[in-house]
Amino acid sequence: MIYKKLKSKKNPLIAVFVVLLFVYTITGAYADDFAGEFSSEFLENKLRQPLRWKSSGEALEYHITIFQKNVLSGLYEQCYYHKTDRAETDACLIYIEPTLSPGNYRAEIKVCNFFNVVEEALTRTYDFTVYQAYLPEVSDVSYPVSGRALIYLDDLDNDGIIELEGNNLFMPDSSKKSVSYTDYFLKNSERTIYPDKIISHDDVQNKKITLQFDMDVLVPGTYHFFAQDASGLHSEEESDSEFVIKAGKLVDFDIEAGYTCFFLRDESILSYMGETIFPLSAHARLSLFFLKRNWGYLGVGLRANYSNISDVERTYSIDGSIGMAHFLLLYQVPLYRRRIFLEARAGVGGTYFHDIKFHFQQNIESRPLNTVSISYDAGVSGIFYLTKRFFLEAGFDYTFTVNKNSMLGGILASAGIGWQF
């Protein structure tokens, strides 16, 4: 028995009521003949509630009585009585008017034979519940540990807590005795997974609920999160309700940028420059980790640095810039629950001396130095994840540049912020 009146975004003014056969118990030799069925129909915007049953054979008429359970006394009180006419008897169908309100009911069907005598042996009763229902909607699914609708089962921080947002997200009812409740579950073509418990619920607007799943029952796959009310109405299978479970994250892609201070360590340069610290520097890096094990992560990266060079001496000044780019091999060791990492790196690349000039009195300038030389980089850093994806990094690198006239060494002290995809 289903008694519905739809209420959704598309029909915001239509109330939703569903009558569902909840408990159906029947005994005796004629059980199959008295299987009752309720449903709902709309005709010219009018809700009708039909009651159907199977014929018992030759019957003059049927006597239909419905009792409603009093929530205070627990007793069943008659709320509806009807004798079928010839057409209703032949069709084994009546329409209940007025329609039943939400609550617990008991239906009784009596058969009257052609001698106008009620066949008590054929009388059957069964209990059912009329549910008040609202069409649930799931507009957003999030797993706070990853910050997305995604779980990696190998993540040590997993807690199985998933947040839902939408409309008509009511509390579940394990006893199924309430006339309005909502069940929640993950579902795909292969399986259905139910949450273990409720963490929190928006009791005022019923727009948010936080659920916790047992991590041991989660199986990799692509699912949709469904909210289903007591009547069987459920949220739609949309992209907003999609949730993915993966055994592990295959690769990590990081971007990072920040501040760098360049400490110059080179005797040939120092013979011209008294300044050895150049604070106007910056860096950026892309990293890809493709091998992830308990003993550490291996990957590759591309790092670029820029430093502004300037110095003023008694009879001249020097200015220009130095840019570096290195291809790096990366190794990271997780130190604490994959929130703190220690990284070692080394690589090769190039150093670009850009427009470095001497300025003398009388507006005399030297020819600018613009050249690219091979260079090497090695460094270490510490990485701390503030969230699953946002991190801070601080470290040191030593760079060594070789050209035909000199060898340039320097230390890069850096600090930056990054994001992991």
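This is a predicted model, so every value here is computed, not measured. These values consider heavy atoms only, across backbone and side chains, with no hydrogens, waters or symmetry-generated copies. All residue numbers in this chain count up from 1 along the given sequence.
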Handout entry: Neighbour count >12 (heavy atoms, 6.0 Å) for atom NZ, Lys249
Key = yes

Exercise for the section: Describe, in one word, how the ring planes of Trp419 and Phe390 are oriented to each other, choosing from parallel (under 30°), tilted (30 to 60°) and perpendicular (over 60°). Expected result: tilted

Handout entry: Beyond-backbone contact of Asp183 with Phe226, side-chain heavy atoms, under 4.5 angstrom
Key = no

Exercise for the section: Measure the CD1-CD1 distance between Ile255 and Ile417 for me, rounded to the nearest 0.5 Å. Expected result: 9.5 Å

Practice task
State whether Glu393 and Arg303 are salt-bridged, where the test is any N-O pair (Lys NZ or Arg NE/NH1/NH2 against Asp/Glu carboxylate O) under 4.0 Å.
Solution key: no

Problem - Gap separating the CZ atom of Phe353 from the CD1 atom of Ile309, nearest 0.5 angstrom - result: 9.0 Å

Practice task
Measure from NZ or CZ of Lys292 to the centre of the six-membered ring of Tyr297 and say whether it is under 6.0 Å with the direction within 45° of the ring axis.
Solution key: yes

Handout entry: Phe396, CZ: over 12 other non-hydrogen atoms inside 6.0 angstrom
Key = no

Exercise for the section: Indicate, with yes or no, if the rings of Tyr181 and Phe170 have centres closer together than 6.0 Å. Expected result: no

Practice task
Determine the interplanar angle of the Tyr385 and Phe391 rings, folded into 0 to 90°, and report it as parallel if under 30°, tilted if 30 to 60°, perpendicular if over 60°.
Solution key: tilted

Exercise for the section: Any chance you could measure Asn70, atom CG, to Tyr76, atom OH, to the nearest 0.5 Å? Expected result: 11.0 Å

Practice task
Using the six-membered ring wherever Trp is involved, compare the ring planes of Phe185 and Tyr194 and label them parallel, tilted or perpendicular (cut-offs 30° and 60°).
Solution key: tilted

Exercise for the section: Using a cut-off of 6.0 Å, state whether more than 12 heavy atoms not belonging to Lys357 lie near its atom NZ. Expected result: yes

